[in-house]
Amino acid sequence: MDDKGRMSRLSSLLRRRGIVLPSFEIYGGVSGLIDYGPVGARIKRRVVNSWIEHWGKVPNVVEIDSPTITPESVLVASGHVGEFNDKMSECKSCGGAFRSDHLLDGLHDNPEILDSSDLDELISTNGVKCPSCGSQDWSGASPMNLMFQTSIGAMGGSRAAYMRPETAQGMFMLYPALYRHFRQRLPFGAMQTGKGYRNEISPRQGMIRLREFNMAELEYFIDPENPPSTDLSRWQRRISMLPDPDGPHSSEIEATIEEAFETGIVKHPTVAWFLAMTMQFLVDVGVDPEKVRFRQHASTEMAHYASDCWDCELSGEHGWIEVVGIANRTCHDLESHEKYSKSGLLRGWRNFEYPVNESRETLKPVGSVIGPAFRGRAADVAEALSELTDLPEIIPFTLTLADGTTVEIEEGMVTRCLQESVVSGEYFTPHVIEPAFGIDRIIWHILDHNYLELEKEGEEYTILALEPSVAPYDLVVLPLFDKDGMGAMAREVLQRIGSISGIFAEIDTSRSIGRRYARSDEIGVPWAVTVDHQSLDDGTLTIRRRDDQRQVRVDIDTLIESLTSKSLQSLF
RNA sequence: GCGCCUGUAGUGAAGGGGUUAUCACAAGAGGUUUCCAACCUCUUGUCCCGGGUUCGAAUCCCGGCGGGCGCACCA
């Protein structure tokens with residue numbers, strides 16, 4: 001079977017069976033937007049649920065949910081407005097598009113701050129040549145905004161906003177509430193799943209580059225001086241890793257995460273732990289462990305907020321694709337939000353091992369003298385006095401205010417006093433380790449890795465060998481024939497199964513039994529329960545296992561019990 | 001955004017300036033059938049959108065939208 005055809009056969013299957021389809025198709029479709037159909041939506045829900053459960057087991061990790069509409073100011077602070085508004089210049093000769101500021105590298109100290117007309121002028125006066133064809137015929141620099149713009153408020157006076165390009169900012173916005181929730185104790189984490197939006201220039205490759213996509217992100221807040229200790233020894237699987245090409249370990253290796261951390265390839269213990277947990281998650285939802293690798297970002301390609309960054313890449317029909325980014329965002333986000341919002345709540349408190357006694361000599365302003373003497377500037381004088389670190393030996397002296405002006409401080413304006421205090425700890429800005437998952441990309445690879453084209457009695461036969469935890473249905477109930485009471489009994493069985501919480505089943509009565517097995521195999525249903533003639537006599541049913549088509553006969557109570565305890569596998 | 005290729009039932013394809021657009025599979029109804037896409041009868045359903053050329057356009061031309069690949073961009 002040729003490899004070129006496999007992807008189109010898989011895509012056909014996804015459409016035909018209502019798993020993933022193009023959106024708005026009767027109106028011609030929109031590039032970069034997809035629908036999950038009735039079967040795909042169930043798979044997606046279960047992948048997302050698996051993700052929430054996986055990380056929810058970590059102590060001190062909670063789920064939150066925040067708006068997708070985000071005020072501009074938040075994204076200015078996060079750096080997205082600057083970062084996602086690059087100006088592009090296009091070569092009129094060959095059609096190549098380049099970042100305008102990159103064209104001016106070496107010609108201007110800080111081309112990023114230039115506006116469009118300055119960029120155009122510098123490009124033309126310096127005779128910048130097109131890197132691909134050498135021509136000098138440039139279109140005007142125009143912003144390439146990768147965020148969807150909107151505004152809050154229907155009438156004039158509305159507030160600029162964007163559809164969020166990531167969910168992470170929601171967690172940062174909620175930091176004060178999280179800090180309270182966890183009773184001021186780090187580490188803790190917050191996660192959310194939901195939509196993110198990026199107005200890609202050219203979305204491609206099916207569900208790989210979307211304009212509206214499902215993300216799942218976790219922000220784990222730690223004290224950088226006391227990173228949580230982690231036990232990496234429970235993961236002994238060897239994983240393919242591509243360390244930073246500019247670093248000391250530049251070639252691809254196979255190692256356990258523990259080894260990678262001990263040899264310094266992974267620098268941060270918490271990052272190492274997240275790499276291991278990520279691998280675990282992917283394997284649990286049915287990604288082929290042989291098609292996973294972790295790639296460390298070179299220092300040059302790191303996102304604006306990250307100090308160390310690993311991609312988890314999966315191999316499939318589209319080659320190696322990044323599906324998870326694990327970044328040490330350090331204190332960047334919280335610090336930046338503190339600066340822009342002037343909020344004082346984006347911090348953690350760390351107790352010293354031993355309290356420190358501090359004594360400090362200060363010059364305390366005498367209000368009744370300072371006030372009349374300096375009038376409107378009195379407050380500035382008091383401020384400047386409190387910030388003095390080296391107290392002058394003699395009074396009078398000259399004091400420099402915040403605005404750079406000076407005043408003479410004379411005898412009687414201040415009193416010298418000694419402040420004694422016990423300092424038991426200090427404030428700090430927590431660091432953040434962030435795993436960010438692209439759910440749609442993961443779903444694609446789950447489908448890809450589990451799409452098996454087999455041969456059965458000389459015929460092509462397709463199985464979607466999904467992990468039961470992410471299968472669209474847990475099982476399908478099939479009467480051998482829909483008559484003689486078999487159909488009725490199948491419906492009773494379905495009803496009993498339906499009352500088990502967390503179990504989803506459907507019934508299929510049309511056409512031959514073999515065809516119905518094939519249909520359920522094709523959408524990945526792991527179990528089929530068949531009601532046959534013997535069922536009518538003695539109440540037993542057969543359970544068929546998708547992956548080897550073996551069947552066992554059990555009575556209905558055993559079936560219900562096994563389903564409840566999720567131990568169907570043990571019947572075989 | 002540029003270049004090349006491309007768009008016909010749910011899926012995959014054939015055809016093509018002139019009656020009612022073809023085939024397979026899938027799907028629905030009925031029959032048959034004692035467990036793996038069997039068989040029989042019947043049925044449903046298609047030329048991406050807009051404009052142009054023409055007596056006549058699904059077919060030719062132009063534009064748009066969508067898809068694939070490459071470049072660029074992006075993670």
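Because the structure is a prediction, the values reported are computed rather than measured. Side-chain atoms are counted along with the backbone in the values below, which use heavy atoms only and exclude waters and symmetry mates. Just so it is clear: chains get the letters A, B, ... in the order the sequence lines come, proteins before strands, and each one is counted from 1.
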Q: Would you mind reading off the distance between D311(A) atom CG and C74(B) atom C1', rounded to a whole angstrom?
A: 12 Å
Q) Expressed in angstrom and rounded to an integer, what is the separation of R516(A) atom CZ from C36(B) atom P? A) 12 Å
Q. Who is the Watson-Crick or G-U wobble partner of G16(B), with both distances under 3.5 Å?
A. none
**Q.** Side-chain (R9(A)) to main-chain (E453(A)) donor-acceptor, under 3.5 angstrom
**A.** no
Q: Using a heavy-atom cut-off of under 4.0 Å over every strand shown, decide if R17(A) touches base, sugar-phosphate, or nothing.
A: nothing
Q: Taking only the side-chain nitrogens and oxygens of S202(A), find out if one of them lies under 4.0 Å from OP1 or OP2 of C73(B).
A: no
Q. Between D244(A) and H297(A), does any side-chain donor sit less than 3.5 Å from a side-chain acceptor?
A. no
Q. Does NZ or CZ of R198(A) come closer than 6.0 Å to the centre of the six-membered ring of F213(A), within 45° of the ring's axis?
A. no
Q) Between R293(A) and E313(A), does at least one N-O distance fall below 4.0 Å, as a salt bridge requires? A) yes
Q. In whole Å, what separates the C1' atom of A21(B) from that of A38(B)?
A. 31 Å
(Q) Please confirm whether the shortest side-chain N or O distance from R515(A) to OP1 or OP2 of A38(B) is below 4.0 Å. (A) yes
Q. What is the nucleic acid contact for Q205(A), judged by heavy atoms within less than 4.0 Å: base, sugar-phosphate only, or nothing?
A. sugar-phosphate
(Q) Base, sugar-phosphate or nothing for Q549(A)? Non-hydrogen atoms, less than 4.0 Å. (A) base
Q | U43(B) versus A24(B) - spacing of their P atoms, nearest Å | A | 14 Å
(Q) Check the phosphate of U11(B) against R15(A), side-chain N and O only, distance under 4.0 Å to OP1 or OP2. Yes or no? (A) yes
Q: Identify the nucleotide, in any strand shown, that forms a Watson-Crick or G-U wobble pair with C42(B), with both distances under 3.5 Å; if there is none, say none.
A: G28(B)
Q: Using the C1' atoms only, state how far A27(B) lies from U44(B), rounded to an integer number of Å.
A: 8 Å
Q) When rounded to the nearest Å, what value does the distance between P atoms of G31(B) and G66(B) take? A) 48 Å
Q: Rounded to the nearest angstrom, tell me the gap between atom CZ in R204(A) and atom P in G68(B).
A: 8 Å
Q. Can R545(A) be said to sit on top of F572(A)'s aromatic six-ring, NZ or CZ under 6.0 Å from centre and within 45° of the ring axis?
A. yes
**Q.** Between P of C74(B) and CD of E212(A), the distance in whole Å
**A.** 22 Å
Q.
Rounded to whole Å, please give me the gap between OH in Y451(A) and C1' in U11(B).
A. 12 Å
Q) If we call it a pair only when both distances are under 3.5 Å in a Watson-Crick or G-U wobble match, what pairs with U53(B)? A) none
Q) Once you round it to whole Å, what is the distance between C1' of A13(B) and CZ of R16(A)? A) 14 Å
Q) Taking only side-chain nitrogens and oxygens of T530(A), does any of them come within less than 4.0 Å of OP1 or OP2 of C35(B)? A) no
Q: Starting from P on C35(B), measure out to CG on D508(A) and report it in whole angstrom.
A: 18 Å
(Q) Whether R496(A) and D557(A) form a salt bridge (side-chain N of Lys/Arg under 4.0 Å from carboxylate O of Asp/Glu) is what I want to check. (A) yes
Q: Would you classify G18(A) as touching base, sugar-phosphate or nothing, given that sugar-phosphate means primed atoms plus P, OP1 and OP2, and contacts are heavy atoms under 4.0 Å?
A: nothing
Q | d(CZ, F481(A); P, U32(B)) in whole Å | A | 11 Å
**Q.** Per H533(A) side chain, nearest of listed nucleotides A72(B), U34(B), G28(B)
**A.** U34(B)
**Q.** Mutual orientation of the aromatic rings belonging to F281(A) and W51(A) [parallel < 30°, tilted 30-60°, perpendicular > 60°]
**A.** perpendicular
(Q) It should be established whether S512(A) places a side-chain nitrogen or oxygen under 4.0 Å from OP1 or OP2 of nucleotide C36(B). (A) no
Q. Are any of S510(A)'s side-chain N or O atoms less than 4.0 Å away from OP1 or OP2 of G28(B)?
A. yes
Q: Could you work out the separation of A57(B) and C49(B) based on their C1' atoms and round it to a whole Å?
A: 15 Å
(Q) With a 3.5 Å limit on both atom pairs, tell me what G1(B) is paired to, counting Watson-Crick and G-U wobble, or say none. (A) C71(B)
Q: Sort out the partner of G66(B) for me: Watson-Crick or G-U wobble, both distances under 3.5 Å, none otherwise.
A: U6(B)
